[in-house]
Amino acid sequence: MERGRGKWGSVSRGMIPLLGLHTVSEYSRLDRKPPITALLLAANTIIYLRPKIFHPFLPTIDQVWFNPHLILKYTDLKRFFLSPFFHINESHLVYNMLSLLWKGIQLETSMGSAEFASMVATLVAMSQGVTLLLAKSLLLFFDYERPYYNEYSVGFSGVLFAMKVIINAQSDEYTSVHGLMVPTRYAAWAELVLIQMFVPGVSFLGHLGGILAGLLYLRLKASYSGLNPVRQFMRSFSHALSWPLRLVKSLFRNRPRITGRGIAGGRIARDTLLTWRCDACTFDNSGRLNVCEMCGTGRTGDAPSSPGPTSEIRDLSLEELRRRRIQRFARS
């Protein structure tokens, strides 16, 4: 998250096209394309660019700044839920989206799209709620009104800090955080301190709230063995949206295919398409054919399966059968 109320949407420096190219390059390497990560990237970018077609629906950044005082005073849920998806300037957006691209691909491919979507929704609510609680606590116990309680901030970085905690929770390795080697599981804490020291205008409370939300999510997930209601909702919602595609697939999947060995790829009614067995070579042919596809022997009888072998066929030698098959394939 970034603090302040500076000018929103400064002049583009060409970073967004580079972000798009990098995203396409990363996705082209993947066998399975994570859809929720792509949706989040697109949503954050579209909200920042604000195409004219979306002007009637999108609030301005002044309407969604995360401000604990305004949220609690007016019960402003719009500020609570929408502020993570707004960014102050292009560099703020691109830095967060590059981080989301890397973290989102890892998490979504490992846990599945439905669970990843439910996790993101949970982390948005948790990180915002924890930040709000911290700001109110600092006001009540330490009288920190100006620095935190009346602070304005936006951005997706609180959720990204929570994701970082979740990714690194079980790691026993070391990693470099801006040149400093630290245990990977504590990388988010090190980044919190270093960013606050060297990057001006960032929201310390927003980032801290994200880290605590990630820890809380892991604790709740470990202690709760039942069904995740958010995940169940996401699965039901995606299931409902995909029913037209499933219907089309089922129609094409159940259509019968006629091959050299008869029927394949689905069941059909007996009176619609029958098969008959050649008395000479025992090959199963389509009921629409009157000549055996394998050896060229004519179909005998009108029944679905031919009657017992005639004396002519019974007297055929194996060599004669081979010769007939060769002639049949030569004609076709």
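Note that the numbering runs from 1 along the sequence shown for the chain.
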### Task
Show your reasoning for whether salt bridge (Lys or Arg N to Asp or Glu O under 4.0 Å) applies to Lys221 and Glu115.
CA-CA 12 Å; Lys221 188 176 180 181; Glu115 187 171 354; 3.1 Å; yes
Take atom CZ of Arg219 as the centre, draw a 6.0 Å sphere, and report whether it contains more than 12 heavy atoms from other residues, nucleotides or ligands. no
Next item on the list: Would you kindly say whether Thr184 and Glu173 are connected by a side-chain donor-acceptor distance under 3.5 Å?
Entry: no
**Q.** Ring centres under 6.0 angstrom apart (Phe156, Phe85)
**A.** yes
Any link between Leu98 and Val177 through a network of hydrophobic side chains (Ile, Leu, Val, Met, Phe, Trp, Tyr) touching at under 4.5 Å? no
Note to self: Show, in sequence, the C-alpha distance, side-chain angles and deciding distance for Leu49 and Phe54, and conclude whether the side chain to side chain contact (heavy atoms under 4.5 Å, CB included) test is met.
What the structure shows: CA-CA 10 Å; Leu49 294 175; Phe54 294 112; over 6 Å; no
Nearest heavy-atom approach of Asn44 to Pro84 is OD1-O, 3.9 Å
Interatomic distance, CG@Leu93 vs CE@Met15, rounded to 0.5 Å, equals 8.5 Å
* Asked: Checking His55 side chain against Arg50 main chain: does a donor-acceptor pair fall under 3.5 Å?
  -> yes
Legend entry - Under 3.5 Å donor-acceptor, Ser110 side chain and Leu107 backbone: yes
* Side chain of Asn67, backbone of Asn150: donor and acceptor closer than 3.5 Å? -> yes
Interatomic distance, OG@Ser99 vs CZ@Phe161, rounded to 0.5 Å, equals 8.5 Å
* With the side chain counted from C-beta on, respond yes when Thr131 and Leu212 share a heavy-atom pair under 4.5 Å apart, and no when they do not. => no
| query | Do Arg79 side-chain atoms and Ile71 backbone N/O form a donor-acceptor pair below 3.5 Å? | reply | no
When every non-hydrogen atom of Val64 is compared with those of Pro59, the smallest separation belongs to CG1-CG, 3.6 Å
Has Thr109 got a side-chain atom pairing as donor or acceptor with Gln106's backbone, closer than 3.5 angstrom? yes
Just checking, is any N or O donor in the side chain of Arg185 or Thr175 under 3.5 Å from an acceptor N or O on the other one? no
Taking Tyr48 for its side chain and Glu90 for its backbone only, find out whether a donor-acceptor pair lies under 3.5 Å. yes
Rounded to the nearest 0.5 Å, the CG atom of Leu180 sits from the CG atom of Leu194 at a distance of 6.0 Å
### Message
In the structure I gave you, are the side-chain heavy atoms of Phe66 and Val154 within less than 4.5 Å of one another anywhere?
### Response
no
Worksheet item: If you group Ile, Leu, Val, Met, Phe, Trp and Tyr by side-chain heavy-atom gaps below 4.5 Å, do Leu41 and Leu18 land in one group?
Response: no
Practice prompt. Report yes or no: do Ile16 and Ile46 belong to one cluster of Ile/Leu/Val/Met/Phe/Trp/Tyr joined by side chain heavy-atom distances under 4.5 Å?
Written response: yes
d(Leu123 CG, Met126 CE) to nearest 0.5 Å is 7.0 Å
Between Ser91 and Asn89, do the side chains contain a donor N or O and an acceptor N or O under 3.5 Å apart? yes
| request: Show your reasoning for whether side chain to side chain contact (heavy atoms under 4.5 Å, CB included) applies to Met111 and Glu108. | output: CA-CA 5 Å; Met111 65 174 54; Glu108 188 171 355; 5.7 Å; no
Sequence neighbours excluded, the answer for side-chain hydrogen bond (donor to acceptor under 3.5 Å, both in side chains) partners of Thr23 is none
**Prompt:** With side chains defined as the heavy atoms from C-beta onward, is the minimum distance between Glu191 and Lys164 less than 4.5 Å?
**Reply:** yes
Q: Using atom types as modelled and distance alone, determine if a side-chain donor or acceptor of Tyr27 lies under 3.5 Å from a backbone N or O of Ala38.
A: yes
Ile53, CD1 atom: more than 12 neighbouring heavy atoms under 6.0 Å: no
Here the pair of heavy atoms bringing Ala187 nearest to Asn168 is CB-ND2, 4.1 Å
| task | For Gln196 and Val193, indicate whether the former's side chain and the latter's backbone hold a donor-acceptor pair under 3.5 Å. | result | no
Exercise for the section: Determine whether Ile88 and Leu58 fall in the same hydrophobic cluster, where Ile, Leu, Val, Met, Phe, Trp and Tyr are linked whenever their side-chain heavy atoms lie under 4.5 Å apart. Expected result: yes
Over 60° means perpendicular and under 30° means parallel, so classify the ring planes of Trp65 and Tyr152, tilted if in between. perpendicular
Output for pair (Thr45 OG1, Leu19 CG), nearest 0.5 Å, gives 5.5 Å
Checklist entry - Quick check: are there more than 12 heavy atoms from other residues, nucleotides or ligands sitting under 6.0 Å from OH of Tyr95? => result no
Correct closest heavy-atom pair for Ala169 and Leu218 would be CB-CD1, 3.5 Å
Heavy atoms of Ala125 and Phe81 approach each other most closely as CB-CE2, 4.4 Å
Note: Gly214 and Val165 closest approach over all heavy atoms is C-CG1, 3.9 Å
Practice task
Tell me, with the steps shown, if Leu133 and Val130 meet side chain to side chain contact (heavy atoms under 4.5 Å, CB included).
Solution key: CA-CA 5 Å; Leu133 181 62; Val130 171; 5.6 Å; no
Separation between OG (Ser127) and CG (Leu208), nearest 0.5 Å, reads 11.5 Å
Run the side chain to side chain contact (heavy atoms under 4.5 Å, CB included) check on Leu30 and Glu26 step by step: do they pass? CA-CA 7 Å; Leu30 301 173; Glu26 289 295 321; 5.8 Å; no
- Message: Any non-hydrogen side-chain atom of Leu77 less than 4.5 Å from a side-chain atom of Leu82?
- Response: no
Check your understanding: Can you find a pair of side-chain heavy atoms, one from Ile211 and one from Trp189, that are under 4.5 Å apart?
Key -> yes
pair Leu40-Phe116: side-chain heavy atoms closer than 4.5 Å: yes
Report task. Check whether Val182 and Phe198 end up in the same hydrophobic cluster, where Ile, Leu, Val, Met, Phe, Trp and Tyr are linked by side-chain heavy atoms less than 4.5 Å apart. Result -> yes
| said: So His69 and Glu151, do their side chains get closer than 4.5 Å, heavy atoms only? | reply: no
Gln128 meets the side-chain hydrogen bond (donor to acceptor under 3.5 Å, both in side chains) criterion, sequence neighbours left out, with Ser83
